[in-house]
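Reviewing the structure listed below.
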Amino acid sequence: MSTIESVEVLLTNPGRNFVTVRITTSDGATGLGDATLNGRELAVASYLRDHVAPILIGHDPAAIEGTWQYLYRGAYWRRGPVTMASIAAVDMALWDIKGKVAGLPVYQLLGGAVRRGLLTYGHASGAEIPQIFDSIREHLDEGYRAVRVQTAVPGLGQVYGVSAAGASGSGRYDYEPARPGTRPTEEQWDTRAYMRHLPTVFEAVRGEFGPELPLLHDGHHRMTPNQAGQLGRALEPYDLFWLEDCTPAENQQSLRRVRDLTSQPLAIGEIFNSIWDYQTLITEQLIDYVRSAVTHTGGITHLKKIMDFASLYQIKSGFHGPTDISPVGQAAALHLGLAIHNFGIQEYMRHSDPTLEVFHTSYTFADGLLHPGDVPGLGVEYDDQAGDAHGYSPAYLPVNRLTDGTMHDW
Ligand code: EZ4
Ligand code: CO
């Protein structure tokens, strides 16, 4: 029987930090998993290196579900982003190995393709309406068929979702919130100013681009349920594809209030890490889209279970796909998305060229659709030489304060 011979933790920073697991079997097969937890990378690296790698040596690499349960139940301390990102990375690597051994892309092991490709959305943003229009046009020119729209708010400085280059109008730049340095930068927030301004932007965008283009928006956990309901109502004339993270959803029941107030489709879950975080949201149909990343939700094995549960309630996927999900995590999302019936949409920002020199990908983006490709396994290779050229370097997500200095949700 083939056994797990090594579990390596690879840290690299080709412009941003990534944590990658590489599992090698006694037969010489290798698999990759993404364990990147933005701004808390070293905690996951230690969890894997110090507590997971030593106990996996000698295990059967083919036993994916059994290994998942071994790491989840065996830890005793269940769930949490560090644990679940670590389990996710091992899970992805084992799926990668299983695919390579079988000579099949992972989506075939998950049941095969349900569709030709995955509808994808990109990130448009800008300080003023003309820049937002330009940013949307750039995405449409690249083939995107759906666009997320984020805007600056008059009177506030840098806010979530508006890229620095986009704000100055100096060309395409995918929004990347993590900033290099040894402590977080600070942003400023005023929810009422945001709520007054946002509908004016969507009115302008709909007027310019017409009724068909799917438009998305991320509220980034900043509103109360009443505020979210009010904003949802104000945006209803502009027919959003979804309003994301309208409230801090740790309190799942609070979404009942939002649902009472607005029929706006809702997407939640990028900071969740297990099926339990969704229990009320799914069984009461309080959301429309599951925002989890494979990387932060226990891997392909666990996110597939969440999606199967969600399918009973007509809830679809909208997997998280920012650039802090490595190409390995992104590939895992594409294989899963291609194989599940209740796929909704996939977020996609192209990784930087230096990142793609470390991670050689085989997924494709054409005519607005992503496809994971047909290379056996996940279809991503890690270039050690390119990876080793950039070591870990501290970087943090910003923090957010109200104008009087009170800490708010970022
Ligand atoms: O804040 O990826 O929908 N996308 C997002 C992202 C997240 C970052 C966190 O690491 O909300 O911008
Ligand atoms: Co988000």
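Read the numbers this way: they start at 1 and go in the same order the structure lists the ligands and their atoms.
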On the 0 to 90° scale, with breaks at 30° and 60°, tag the Y72-W68 ring pair as parallel, tilted or perpendicular.
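Rings of Y72 and W68: parallel, under 30°.
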
For the residue pair Y194 and W189, categorise the inter-ring angle as parallel (less than 30°), tilted (30 to 60°) or perpendicular (more than 60°).
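Answer is tilted, since the angle falls between 30° and 60°.
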
Just jot down the salt bridge (Lys or Arg N to Asp or Glu O under 4.0 Å) partners of D384, sequence neighbours excluded, or say none.
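D384: salt bridge (Lys or Arg N to Asp or Glu O under 4.0 Å) contacts with R22.
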
Does E186 have any salt bridge (Lys or Arg N to Asp or Glu O under 4.0 Å) partners at least two apart in sequence or in another chain, and if so, which?
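Scan of E186 (salt bridge (Lys or Arg N to Asp or Glu O under 4.0 Å), adjacent residues dropped) gives R401.
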
Basic-acidic side-chain contact under 4.0 Å: [X], [Y]:
{"X": "E284", "Y": "R259", "answer": "no"}
{"X": "D218", "Y": "R148", "answer": "yes"}
{"X": "E208", "Y": "R137", "answer": "yes"}
{"X": "E187", "Y": "R179", "answer": "yes"}
{"X": "D260", "Y": "R256", "answer": "no"}

Protein residues having a heavy atom less than 4.0 Å from any atom of ligand 1
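Protein residues near ligand 1 are N38, R148, Y160, D218, H220, E244, E270, R291, H320, P322, D324, E347, L397, W410.
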
I'd like to verify the contacts: list protein N, O or S atoms under a distance of 2.8 Å from the Co ion (ligand 2).
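Less than 2.8 Å away from the Co ion (ligand 2) sit D218 OD2, E244 OE2, E270 OE1.
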
